[in-house]
Amino acid sequence: MITVEREKWIGCINELMPLCIEVHNIDEQKTYGLELDFDSDLYIESEKNGQFHCLVMRNDGAPIGFHWITMNPLARFKGKWQACTDAIFVKPEHRRHSNFLIKCSEDYIKQLGCFTWALATLDACYRGAMWERKGFEKAETIFMKKV
């Protein structure tokens, strides 16, 4: 049975670590030149403050995907909040269930009263057309420079 539920980050990170490493190795490691080194205190604190949300997708109890979401007030639009995808990943052999994770995520984000959902994709796994089919519109281009 496939489920998607919000879970406490600290309670599931050890189970999710193989998935985190897999998504990191797609392009982040090359792009940033850094190894994963989670700031547990920051994740825990931002979760307590309602800014970080961890959705976990499971197949018969085993983690097969996750969606990490940050929620931020939009200072330019008083009273409006934006959900931002920090990371979203489903193991390749379970990608047929990706739409379920996306649907559950959107429902969750709406339930929290967010005005928009923003996400960025890495060039190595760019899926712009797929996101557009799901109702996303290209809004900005993100540039990054290591300093």
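All values below come from the heavy atoms of this structure, side chains included, with hydrogens, waters and symmetry mates left out. We number each residue from 1, following the sequence as shown.
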*Asks:* Measure from the side-chain N and O atoms of N59 to the backbone N and O of A62, and report whether any donor-acceptor pair falls under 3.5 Å.
*Replies:*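 No.
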*Asks:* So, for K91 and P63, which heavy atoms are closest and what is the spacing to 0.1 Å?
*Replies:*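 Reported closest heavy-atom pair: CD-O, 4.1 Å.
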*Asks:* SG/C54 to CG/D86 distance, rounded to the nearest 0.5 angstrom?
*Replies:*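 Nearest 0.5 Å value for the SG-CG distance: 10.0 Å.
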*Asks:* Locate the shortest heavy-atom distance separating L19 from G65; write the atom from each residue and the value.
*Replies:*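 Closest heavy-atom pair between L19 and G65: CD2-N, 3.5 Å.
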*Asks:* Evaluate the side chain to side chain contact (heavy atoms under 4.5 Å, CB included) criterion for residues I26 and E22: first the C-alpha distance (whole Å), next the side-chain angles of each, then the deciding distance (0.1 Å), finally the verdict.
*Replies:* CA-CA 7 Å; I26 291 171; E22 193 170 342; 5.5 Å; no
*Asks:* To the nearest 0.5 Å, what is the distance between OH on Y43 and CD1 on I13?
*Replies:*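 Output value for this atom pair is 7.0 Å.
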*Asks:* Indicate yes or no: at least one non-hydrogen side-chain atom of M17 is less than 4.5 angstrom from one of I21.
*Replies:*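 They are in side-chain contact.
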*Asks:* For the residue pair F89 and F66, does the interplanar ring angle fall in the parallel (under 30°), tilted (30 to 60°) or perpendicular (over 60°) class?
*Replies:*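 F89 vs F66 ring planes: tilted.
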*Asks:* Are any non-hydrogen side-chain atoms of E5 and V56 less than 4.5 angstrom apart?
*Replies:*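 With C-beta onward as the side chain, the pair stays apart.
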*Asks:* T116 and Q82: side-chain donor and acceptor closer than 3.5 Å?
*Replies:*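 Indeed, the side chains of T116 and Q82 share at least one donor-acceptor pair under 3.5 Å.
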*Asks:* Looking at F38, I want to see if its CZ is surrounded by more than 12 non-hydrogen atoms of other residues, nucleotides or ligands under 6.0 Å.
*Replies:*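 Yes - once you tally the heavy atoms of other residues, nucleotides and ligands closer than 6.0 Å, there are more than 12.
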*Asks:* For the pair C84 and N72, evaluate side chain to side chain contact (heavy atoms under 4.5 Å, CB included) and give the outcome as yes or no after the intermediate values.
*Replies:* CA-CA 8 Å; C84 299; N72 305 296; 3.8 Å; yes
*Asks:* Let's go through F115 and W81 carefully: what are the C-alpha distance in whole Å and the side-chain angles of both, what is the deciding distance for ring pair (Phe, Tyr, Trp, His ring centres under 6.0 Å) to 0.1 Å, and is it a yes or a no?
*Replies:* CA-CA 5 Å; F115 176 66; W81 283 71; over 10 Å; no
*Asks:* E47 side chain to W9 main-chain N or O, any donor-acceptor pair under 3.5 Å?
*Replies:*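 Yes, E47 side chain to W9 backbone: donor-acceptor pair under 3.5 Å.
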*Asks:* Could you walk me through whether S46 and T70 satisfy the side chain to side chain contact (heavy atoms under 4.5 Å, CB included) test, starting with their C-alpha distance in whole Å, then the side-chain angles of each, then the deciding distance to 0.1 Å, before giving a yes or no?
*Replies:* CA-CA 9 Å; S46 61; T70 60; over 6 Å; no
*Asks:* State, with a plain yes or no, whether a side-chain heavy atom of T3 is found less than 4.5 Å away from one of M57.
*Replies:*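 Side-chain contact under 4.5 Å: no.
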*Asks:* Identify the heavy atoms of C12 and E7 that sit nearest to each other, and give their distance.
*Replies:*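 For C12 and E7, the tightest heavy-atom pair comes out as CB-OE1, 3.4 Å.
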*Asks:* To the nearest 0.5 angstrom, please state how far the CD1 atom of I10 sits from the CG atom of D41.
*Replies:*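 Taking CD1 in I10 and CG in D41, the distance rounds to 8.5 Å.
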*Asks:* With a 3.5 Å cut-off and no angle check, do the side chains of T85 and W68 form a donor-acceptor pair?
*Replies:*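 W68 and T85 do not have a side-chain donor-acceptor pair below 3.5 Å.
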*Asks:* With rounding to the nearest 0.5 Å, note down the distance linking CZ in R6 to CG in L112.
*Replies:*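 Answer for the CZ-CG pair, R6 versus L112, is 7.5 Å.
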*Asks:* Any donor and acceptor pair, going by atom type alone, linking the side chain of H67 with main-chain N or O of C104 inside 3.5 Å?
*Replies:*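 No.
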*Asks:* Check whether any side-chain heavy atom of N49 sits under 4.5 Å from a side-chain heavy atom of E45, and report yes or no.
*Replies:*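 Heavy-atom side-chain distance check passes, below 4.5 Å.
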*Asks:* Roughly how far, to the nearest 0.5 Å, is the CD1 atom of I2 from the CG atom of L101?
*Replies:*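 Separation between the atoms: 10.5 Å.
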*Asks:* Between the main-chain N or O of V4 and the side-chain N or O of R58, is there a donor-acceptor pair closer than 3.5 Å?
*Replies:*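 No; zero donor-acceptor contacts below 3.5 Å.
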*Asks:* List the atom of M71, the atom of C114, and the distance in Å for their closest heavy-atom pair.
*Replies:*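 Smallest heavy-atom distance, with atoms named: SD-SG, 3.1 Å.
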